[in-house]
Amino acid sequence: MGMVLMAGCAAVPTAAPPDVPNARRPANDAELRYWLQNMVWYHGFDLGEIRAATGMSRTEIERALRRFRIKGAGPPARRSDGTPLVLPYPGGRHPRIGFLEGAVDPQRETKVSIFAPWDQGGYAVADVPEAIWCDGKLLYLAHTHVPTVWSEQGVELEKLEWNRHPDGTLDFERKLPNGVVFGTRVTPHQGGAVWMETWLHNGTTRTLTGLHMQMCVMLKGLADFSGLSDRDRQDARPYVAARSGDGRRWIITAWEPCRRLWINPLVPCLHSDPQLPDCPPGQTSRARGLLAFHEGENVEAVFRGLDASGWRGE
């Protein structure tokens with residue numbers, strides 16, 4: 001891909017300027033080059049969006065772009081074996097078209113960009129997870145909207161980054177103040193599917209119940225998918241698929257065990273949201289998911305093929 005890969009990224013140490021509060025300034029030249037390639041080559045960011053993502057001044061950005069010789073489009077967003085390109089979403093550009101009041105200051109550490117396998121197809125942004133509920137309370141939210149148990153206490157969670165691995169896998173893990181630990185792994189596979197796994201470890205002294213997550217696939221960056229409506233939707237639990245405006249292409253997502261299938265045309269986005277098993281102290285609950293693309297008719301046959309691919313695990 002022509003990109004520098006760094007594993008084991010940790011919390012971001014540098015404070016963001018007050019006018020770009022959720023910016024993440026790259027810690028060194030290798031990280032700066034990686035994020036500039038990510039933003040310019042693949043996401044098509046302009047200088048204002050790069051500044052919003054990094055907190056750097058326009059002069060700093062222009063100098064860095066010249067130094068690293070980064071301009072215009074980069075390498076192809078797909079591989080010859082059909083393995084999708086998956087990148088950490090850089091922030092700096094809101095991943096929604098509408099209902100912005102329901103996602104103020106979106107955090108990038110739970111979001112990945114999954115690029116379509118066709119020319120000029122753009123990318124979907126998967127927020128995995130967007131939200132976590134436990135015992136009827138909101139334990140985590142990847143933006144500002146309704147209060148979480150931590151915002152009600154005035155506790156601010158640290159900014160994190162995805163760990164990036166040479167095979168294209170991304171993962172992260174977050175420990176919450178009550179000892180609960182959750183994380184997600186996103187792995188691109190040959191043939192066009194992306195497999196995902198999320199987990200929640202109970203580090204408290206009581207059984208956690210009512211565990212469910214919201215997994216949001218946002219379509220703003222995906223060419224010809226911005227007009228999502230119920231007419232363009234096809235469900236077959238745990239799968240939910242959305243069709244492009246020209247009717248020739250599909251994006252599909254699924255999570256198992258599945259609690260709810262739904263779409264929000266205002267965002268636009270689609271959801272297959274998982275219900276995690278109750279989790280005793282010291283134990284870990286898991287759910288598995290996928291995202292895939294399809295060109296053509298008969299998306300039901302694609303569902304059957306995905307069933308046979310083994311994405312659910314054992």
Side-chain angles (χ1 to χ4, degrees), residues 1-17 19-81 83-95 106-117 119-128 158-174 184-188 194 220-221:
M1 298 191 307
M3 304 180 70
V4 179
L5 293 173
M6 300 288 289
C9 301
V12 178
T14 307
D19 60 329
V20 283
N22 203 28
R24 318 292 179 88
R25 190 179 183 93
N28 52 53
D29 268 4
E31 285 293 287
L32 175 58
R33 180 175 183 172
Y34 171 85
W35 283 110
L36 289 176
Q37 290 175 342
N38 176 308
M39 288 182 276
V40 175
W41 282 359
Y42 296 101
H43 289 93
F45 276 22
D46 60 26
L47 289 179
E49 291 170 324
I50 297 172
R51 169 162 167 70
T54 65
M56 299 168 61
S57 71
R58 288 176 176 264
T59 299
E60 288 179 299
I61 295 166
E62 289 170 343
R63 288 174 178 169
L65 291 172
R66 287 194 299 269
R67 183 156 58 96
F68 296 127
R69 300 180 181 179
I70 298 171
K71 59 181 179 180
R78 62 189 186 282
R79 287 171 26 183
S80 58
D81 63 2
T83 303
L85 176 64
V86 180
L87 296 176
Y89 186 67
R93 173 191 289 166
H94 204 295
Q107 302 157 16
R108 82 182 188 189
E109 56 258 43
T110 58
K111 297 174 179 60
V112 295
S113 296
I114 302 174
F115 288 77
D119 289 338
Q120 308 300 316
Y123 59 92
V125 176
D127 207 351
V128 285
E158 67 177 343
K159 293 180 172 66
L160 301 178
E161 298 284 17
W162 289 91
N163 300 311
R164 310 191 300 268
H165 301 281
D167 67 350
T169 295
L170 303 174
D171 61 44
F172 82 92
E173 189 168 89
R174 177 185 285 282
T184 300
R185 179 178 297 106
V186 179
T187 305
V194 175
K220 174 183 176 179

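Keep in mind it's a predicted model, so treat the numbers as computed, not measured. Reckoned from all heavy atoms, side chains included, excluding hydrogens, waters and symmetry mates.
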- Task: Give the C-alpha distance, both sets of side-chain angles, the deciding distance and a yes or no for side-chain contact (heavy atoms from CB on, under 4.5 Å) between Gln107 and Lys159.
- Result: CA-CA 8 Å; Gln107 302 157 16; Lys159 293 180 172 66; over 6 Å; no

- Mind checking whether Tyr123 and His43 have parallel, tilted or perpendicular rings, split at 30° and 60°? perpendicular

- Query: Should Phe68 and Leu32 be marked as a side-chain contact (heavy atoms from CB on, under 4.5 Å) after you check the CA-CA gap, both sets of side-chain angles, and the distance that decides it?
  - Reply: CA-CA 9 Å; Phe68 296 127; Leu32 175 58; 3.8 Å; yes

Output a table of donor-acceptor pairs, distance under 3.5 Å, between side-chain atoms of residues 50-58 and any protein atom two or more places apart or on a different chain; print 'none' if there are none.
residue, atom, partner, partner atom, Å
Arg51, NH1, Gly55, O, 3.4
Arg51, NH1, Met56, O, 3.1
Arg51, NH2, Asp19, OD1, 3.0
Arg51, NH2, Asp19, OD2, 2.6
Thr54, OG1, Ile50, O, 2.8
Thr54, OG1, Met56, N, 3.2
Ser57, OG, Glu60, N, 3.1
Ser57, OG, Glu60, OE1, 3.4

- Item | Ion pair check, Glu158 and Arg174, cut-off under 4.0 Å | no

- Query: Within the side chain of Asn163, is there an N or O that forms a donor-acceptor pair under 3.5 Å with the backbone of Leu170?
  - Reply: no

- Task: Sequence neighbours left out, what passes salt bridge (Lys or Arg N to Asp or Glu O under 4.0 Å) with Asp29? Give chain and number order.
- Result: Arg67

- Message: Going by the rule salt bridge (Lys or Arg N to Asp or Glu O under 4.0 Å), which residues pair with Lys111 if we only count those two or more places apart in sequence or in a different chain?
- Response: Asp127

- Determine whether Leu87 and Leu85 make a side-chain contact, defined as any pair of heavy atoms from C-beta on separated by less than 4.5 Å. yes

- Any side-chain heavy-atom pair from Leu65 and Val40 closer than 4.5 angstrom? yes

- Candidate pair Asp171 and Val186, rule side-chain contact (heavy atoms from CB on, under 4.5 Å), full reasoning: CA-CA 6 Å; Asp171 61 44; Val186 179; over 6 Å; no

- Message: For a quick test of reading the model, state the closest non-hydrogen atom pair linking Arg164 to Pro88 and the distance between them.
- Response: CD-CG, 3.9 Å

- Query: Is there a side-chain contact between Pro75 and Trp41 (heavy atoms, below 4.5 Å)?
  - Reply: yes

- Tell me, with the steps shown, if Val86 and Phe115 meet side-chain contact (heavy atoms from CB on, under 4.5 Å). CA-CA 6 Å; Val86 180; Phe115 288 77; over 6 Å; no

